[in-house]
Amino acid sequence: MRIAKVIVDVPANSINQTFDYLIPEKFLDILKVGMRVTVPFGPRKIMGFVVGKAEESTFKSLREIEQVLDVTPVLTEELLHLGEWVAKDTVSLYITALQAMLPQVLKAQYKKELLRNTDASLSQELEHLFAGRDVIAYEEFEGASVSYYQLQKAVQDGDLVVKYLVHSKITKKYVTMVQPAREGYLLEEALQDLSKNAMKQRELLGYFIENPQPIEKKLLLKKFQTTSSTIRTLIDKSLIETTQVEVYRDPHQQQFHKTTALPLTEEQEQAITPIKQNIANDEHDVFLVHGVTGSGKTELYLQAIQDVIMKGQEAIVLVPEIALTPQMVNRFKGRFGSKVAVMHSALSAGEKYDEWRRIHQKEVQVVVGARSAIFAPFENLGIIIIDEEHEATYKQEDQPRYHARDVAIQRGKTHHCPVVLGSATPTLESFARAQKGVYKLATLRKRTNDKEMPPVEIVDMRAELHAGNRSMFSRTLMDKMENCLSKGEQIVLLLNRRGYSTFVMCRDCGHVKECPHCDIALTYHKNFNHLKCHYCSYEEPMPTNCPECNSDLIRYFGTGTQRVEEALTKLLPEAGIIRMDVDTTRRKGSHETLLRKFANKEASILLGTQMIAKGLDFENVTLVGVLTADSMLHLPDFRSSEKTFQLLTQVSGRAGRHELTGEVIVQTYTPDHYSIELASEYDFEGFYKKEMATRKTFQYPPFFFLALITVSHTNKVTAVQTTNHIVQQLLQHVSNNTVVLGPSPSPVPRIKDRYRYQCMIKYKNEPQLRDMISSITEQFKEATQKGDLLITVDMQPHHLM
DNA sequence: AGCACGCCGACT
DNA sequence: GTCGGCGTGCTC
């Protein structure tokens, strides 16, 4: 096998294919499929993945692989195929799919250098630039005022060479170990010869005579209260030596309480049995575990994984980013100890790489992680679990736009292992499949502590307004909060802010400050007294007068967590408040610190956005308040009802999880909306029926599949025309019951001065659709290449923005 | 995507 | 002769 098939690191449509390279003699034995290599590509040198080998090539002259970057393949054959599948399924490039499977640090970085290739003198300007050096970075040339023409000539004459470098960002962490460099008896001899004053040296030598094994330098210094200079002297005498040993950064260095399997309830037992059978028989089924919050889904996962580990297989557990709290991680580490790797975005790039390597080198059998952990390089998967399967974070919002659930099922099929989806509020798609028998449904109706879900009271904020209460807290909520505080119990307050930001409006003329580059209202940021655009980061100071009518009655509207906090401090001055939002949790670890404070009862109220709705478990919380339940109900999104229902159900589960009984207050301006009403009754099936009916009439999932093509251009007319062109072409080829809509303006019609129009496709069965879309977008490749036209394709979009 | 190459027009 | 600015086409 002298020829390697390589997917090169060039994300372009015309390069979306394998390129053949000759494998040089010296690499014949070591080069394996799945390794990264560097190859010459045109004039430059780039990184690529070997995806296959062959004996022959249709190409007459092949260039050689230049370098092999890995010792063992970073991608298994299974992952290579999976990447191909992902690329096809999401209409994206193979290379993009492969990159998505690996930690960021394995991505190549490119650099150019200029090498002097002659002793004869160069032109005056070039000599000045090189200033006596033989090599300079290409950027230096670009920054200098030397013409490109000169460079070109020097290169042509062979006086200069442009060198293309590929290097990876790999950062390994090392510790210095100290160990004896001589046999024990030689050390003893040396000890005799040492001067009497050399106390520290004597101590150290004495130690190494007793303990010849390597010891960490830091530890050694501490143990003998000495400094590096002592070690230095001993090294100079060739008595001891140091080595660099690679270590993994451990992001979770605490101790974990070992836990063992808990007895299961009858319901749990019934749910887990078919999953265990699947595991035992190497069968693949998709299970939907529909269990109310607190019904012990996690214990199910743990026990199923236990079976998998006993079988010598591996497990992937996906958890939404936001729920990847220490509480959650502790449960897995507590049960499986060091067999667990954790992957989430709060880890540094180096830490992510270390966790990935622990999987890659088979040091762990379980990975608990966010979306991308679905690509964990396990070769012997025994189970894949997706907790809170309805969460939107499982859908990647940039290329490749894959859904972790789809990838999981794909992997489950190839590995003949079960895929378990768990949720208290499954997506309509999954629940519908379970109803049809495509997925196996298991329902957990009871909470393990046998407690009822806390009662939910809906408060009509319109009535509050009519009664003269203009504050953001209803009288009921105020009463309950005071009552709760007087008993020394704790409160969780949710401010549902999505689609409800703090915009600036003039009270005189109604003018709303919008971003000059995007069609969206600017958001007010109090700490800087600035207005900011969430789409393009445009900023301007808060105006004192209205730019339209010059009135000074220009104010900001909407409720941010900061404002709620201020109001709350005034009303309940004695209550400590912890605010959790993007602003207060930006710093690494601040999330945990705030939660720990709340757990230690350093504050009585936890106020926050979406992020506090999930997974938190505090025994002293008896009241949950939702300040604005309907804020996202009116977004132009077919999932808005479903999302509202999910959020309300999730947050209600935060109250009264233990001894104390809890209650929930939901404030809303649309108290009779079915998603709010049914959420307050914990009636998932009722909601399912109702929502399915609307989805059916409006031809949305799960009745239809969706595809969204967004076209953007600086020229509005071009954007509309191109979209229209796409629509027309699709209409010619799709089947009768497929609906093609558009061109219609995107919900945010302009971002960064680019107009955005979209085409939506609703289809039931359209096997050729992906190919159709590819060939249509291919027609616009000239315009797309020039960069003024942008076409993005989202198969199964999660929202329509 | 990047890069070379080639053609053109401009400036000195 | 020296330079920059595009449009075009290729990369195993």
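Below, chains carry the letters A, B, ... as their sequence lines are ordered, and counting in each starts from 1.
- Residue-level contact check: A:Phe41 touches the bases, meaning some heavy atom is under 4.0 Å from a base atom.
- A:His360 places a side-chain N or O within 3.5 Å of a backbone atom of A:Pro73 that can act as its donor or acceptor partner.
- In this structure, A:Glu391 does not pair ionically with A:Arg371, as no charged nitrogen and carboxylate oxygen lie closer than 4.0 Å.
- The shortest heavy-atom contact between A:Asp794 and A:Glu397 is OD2-OE1, 4.1 Å.
- A 4.0 Å heavy-atom criterion places the boundary nucleotides of DNA chain C facing chain A at C:dT2 to C:dC12, written 5' to 3'.
- Between A:Asp9 and A:Lys107, no side-chain nitrogen of the basic residue sits less than 4.0 Å from a carboxylate oxygen of the acidic one, so the salt-bridge criterion is not met.
- The pair A:Lys362-A:Glu379 counts as a salt bridge, with a side-chain nitrogen and a carboxylate oxygen less than 4.0 angstrom apart.
- For DNA chain B, the outermost nucleotides in 5' to 3' order that have an atom under 4.0 Å from a heavy atom of chain A are B:dA1 to B:dA4.
- Put simply, the side chain of A:Arg36 gets close to the backbone of A:Leu106: a donor and an acceptor are under 3.5 Å apart.
- Within residues 141-149 of chain A, the residues approached by DNA chain C to less than 4.0 Å at the level of any non-hydrogen atom are A:Ser147, A:Tyr148, A:Tyr149, in residue-number order.
- Taking a cutoff of 4.0 Å between a charged side-chain nitrogen and a carboxylate oxygen, A:Glu78 and A:Arg411 qualify as a salt bridge.
- The backbone N or O of A:Leu129 sits less than 3.5 Å from a side-chain atom of A:Arg133, completing a donor-acceptor pair.
- Using a 4.0 Å cut-off between charged side-chain N and carboxylate O, A:Arg2 and A:Glu25 make a salt bridge.
- Using a 4.0 Å heavy-atom cutoff across all strands shown, A:Ile15 reaches at least one base atom of the nucleic acid.
- If you check every strand for non-hydrogen atoms under 4.0 Å, A:Tyr164 touches sugar and phosphate atoms only.
- A:His530 and A:Glu539 share a donor-acceptor pair across their side chains, judged by distance under 3.5 Å alone.
- A salt bridge does not link A:Glu64 to A:Lys26: none of the charged side-chain nitrogens sits closer than 4.0 Å to a carboxylate oxygen.
- Using a 4.0 Å heavy-atom distance criterion, A:Gln152 is classed as making no nucleic acid contact.
- Every residue meeting the side-chain contact (heavy atoms from CB on, under 4.5 Å) condition with A:His733, not counting sequence neighbours, appears here in chain and number order: A:Met772.
- Residues of residues 43-61 of chain A that place a heavy atom closer than 4.0 Å to DNA chain B, in numerical order, are A:Pro43, A:Arg44.
- Under the rule for a side-chain contact (heavy atoms from CB on, under 4.5 Å), the partners of A:Thr118 that lie at least two apart in sequence or sit in another chain are A:Ala120, A:Leu122, A:Asp159.
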